[in-house]
Amino acid sequence: ALFLALSVVWLLSDLAFAKHAGITRHYKFDIKMQSVTRLCQTKNIVTVNGQFPGPRIIAREGDRLLIKVVNHVKYNVTIHWHGIRQIRSGWADGPAYVTQCPIQTGQSYVYNFTLTGQRGTLFWHAHISWLRATLYGPIVILPKKHASYPFPHPYKEVPIVFGEWWKADTETIINQAMATGGAPNISDAFTINGLPGPSYNCSAKDTFKLKVKAGKTYLLRLVNAALNDELFFRVANHTLTVVEADAVYVKPFKTDIVLITPGQTTNVLLRAKSKTPSAKFAMSARPYATGPATFDNTTTIGILEYEKSASASKSNHKNLPLLKAKLPQFNDSSYAMKFQRKFRSLATAKFPAKVPKNVDRRFFFTVGLGILPCSKNQTCQGPNNTRPAAAVNNVSFVQPNIALLQAHFFNKSKGVYTTNFPTNPPFKFNYTGTPPKNIMLSSGTKVVALPFNISVELVMQDTSILGAESHPLHLHGFNFFVLGQGVGNFDPKKDPAKFNLVDPAERNTVGVPAGGWVAIRFLADNPGVWFMHCHLEVHTSWGLKMAWVVNDGKGRKQKLPPPPADLPKC
């Protein structure tokens with residue numbers, strides 16, 4: 001009871017301090033199993049504090065967060081604070097075997113970081129195996145006290161977190177797939193704030209409902225926390241205004257449909273109709289899928305309901321018709337490309353777009369699928385005992401046994417990783433045309449080493465090996481500017497002339513278009529080891545990942561501090 005009372009006092013004092021810039025906020029995440037029923041089936045899932053989805057983290061720009069994660073489950077666990085810059089706090093970034101060894105059963109770790117120069121919606125999720133299927137929740141970073149939004153202040157703010165649900169145990173699914181060399185089973189449902197909605201078997205009671213008042217404006221904080229699917233989202237008969245993406249304000253634009261890849265966040269304003277309509281409205285999400293593989297072709301539906309006006313009687317509110325939301329074809333890649341091009345930075349004096357004008361290092365990465373031979377004592381489902389795999393520049397990443405960041409910091413990289421990650425693909429071919437005969441990948445733990453503060457331009461090119469497919473690529477530790485994108489093979493002579501260097505979108509996750517390319521730039525101003533990977537979890541499992549090692553600069557503020565004492569051991 002005393003502890004409870006102290007916790008309440010602590011919380012109240014925290015809230016009182018919140019008026020002032022840069023307070024410290026404490027959270028405790030107990031990782032524990034919880035029995036949850038969806039689609040008429042009950043299963044035990046890994047949760048934070050028994051909640052699904054997990055708790056919302058709310059803070060202000062400039063605040064420091066101390067989040068104690070205690071592992072009470074049989075699995076190794078890490079948590080990643082997706083999109084947080086982690087300036088000189090790489091030890092708190094969270095990807096397993098990249099910046100830390102996992103938190104083992106019965107152990108704990110305090111993630112300690114400051115929210116510097118960011119405001120908006122991000123999210124946290126597990127970053128080991130497939131545990132993020134149920135371990136995720138939103139991060140809301142409010143502007144500094146007395147700072148306003150660069151758009152009309154909403155009446156209310158609502159997190160809308162998309163997830164993906166399997167009836168079976170997700171750890172079993174990925175472990176079996178890796179053992180047999182087959183593709184993992186697809187999900188059974190998508191969810192909005194953990195609820196599948198009325199289009200699924202016996203799930204009408206498990207439907208997210210958003211009640212709105214006529215004439216009011218709502219800020220919907222959209223997060224795609226699904227494992228393997230990009231999603232189209234639409235609210236029937238309502239137009240949305242996009243105002244922010246990946247916790248960076250954008251030039252507002254109107255749209256009926258939002259496309260959001262796993263790892264992306266998008267803030268939209270929804271203006272309720274001025275008069276209470278005699279209908280309810282579907283808020284629907286379903287996949288944008290471009291690859292050759294099967295996918296979960298189902299739709300999750302939430303319901304937008306208007307609060308009754310005084311004149312409307314109670315009896316007829318129940319029987320209001322539900323208006324459906326029409327979504328694009330599942331493989332409408334031209335819509336996807338057009339939508340992605342609408343994002344532009346504000347590029348104002350207050351919110352500048354600091355695009356690196358000169359480029360110190362250029363990289364060209366192919367991203368896509370291929371095959372690898374199976375291990376000696378393994379029988380795989382692919383031709384000639386091969387298994388599907390994924391790679392960047394033909395290198396399928398092999399996870400090390402100790403964390404890359406520790407190996408880097410203590411100069412013990414020998415036998416852990418090499419710094420010879422290829423700058424260009426090992427051989428040229430018609431990337432989006434007929435695939436080469438040999439589609440065997442190489443594998444290894446290779447990284448790119450960068451001096452501090454150099455500017456990097458990276459072109460990522462999809463390949464048609466095993467089918468062209470859109471890949472949402474996420475870079476840890478940085479935001480990058482999306483200079484341009486196109487269909488087909490990147491042309492280094494003609495395409496750079498079309499790059500937007502004035503107000504390009506600034507993001508942490510970008511879709512490499514199916515059968516196309518995207519060009520980005522970032523400044524390597526954050527010392528540490530930074531993971532870059534496809535945010536489709538199946539592709540990450542197959543090796544579509546690599547890391548950038550950014551070396552220390554000369555000044556004290558340009559160096560990575562030593563690790564905290566409680567950093568988990570492997």
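Please read these numbers as outputs of a predicted model, since none were measured by experiment.
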Give a yes or no answer on whether the side chain of [X] reaches the backbone of [Y] with a donor-acceptor pair at less than 3.5 Å.
X	Y	answer
Asn228	Pro262	no
Thr265	Thr121	yes
Asp503	Arg344	no
Tyr136	Phe162	no

Please examine the side chains of [Y] and [X], heavy atoms only from C-beta on, and report whether any two atoms are closer than 4.5 Å.
X	Y	value
Pro513	Val518	yes
Glu537	Glu164	no
His80	His476	yes
Lys216	Glu307	no

Query raised in the report: Would Asn193 and Thr191 count as having a side-chain donor-acceptor pair, cut-off 3.5 Å?
Result: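 Note: Asn193 and Thr191 side chains miss the donor-acceptor criterion.
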[X] vs [Y] aromatic rings, parallel, tilted or perpendicular, using cut-offs 30° and 60°?
X	Y	result
Tyr335	Phe232	perpendicular
His539	His471	tilted
Tyr149	Tyr249	perpendicular
Phe531	His127	tilted
Phe52	Trp165	tilted
Phe29	Tyr27	perpendicular
His238	Phe281	perpendicular

Requested in this report: Walk me through it: do Leu473 and Phe480 pass the test side-chain contact (heavy atoms from CB on, under 4.5 Å)?
Outcome: CA-CA 11 Å; Leu473 260 287; Phe480 49 76; over 6 Å; no
Report task. Step by step, work out the side-chain contact (heavy atoms from CB on, under 4.5 Å) result for Ile84 and Gln118. Result -> CA-CA 8 Å; Ile84 303 278; Gln118 292 182 281; 4.3 Å; yes
Requested in this report: Please determine if Lys43 forms a cation-pi arrangement with Trp166, meaning its NZ or CZ atom is less than 6.0 Å from the six-membered ring centre and no more than 45° off the ring axis.
Outcome: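 The answer is no, since Lys43 fails at least one limit relative to Trp166.
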Query - Heavy-atom closest pair, residues Thr78 and Ile128 - result: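 In this case the closest contact between Thr78 and Ile128 is N-CG2, 3.8 Å.
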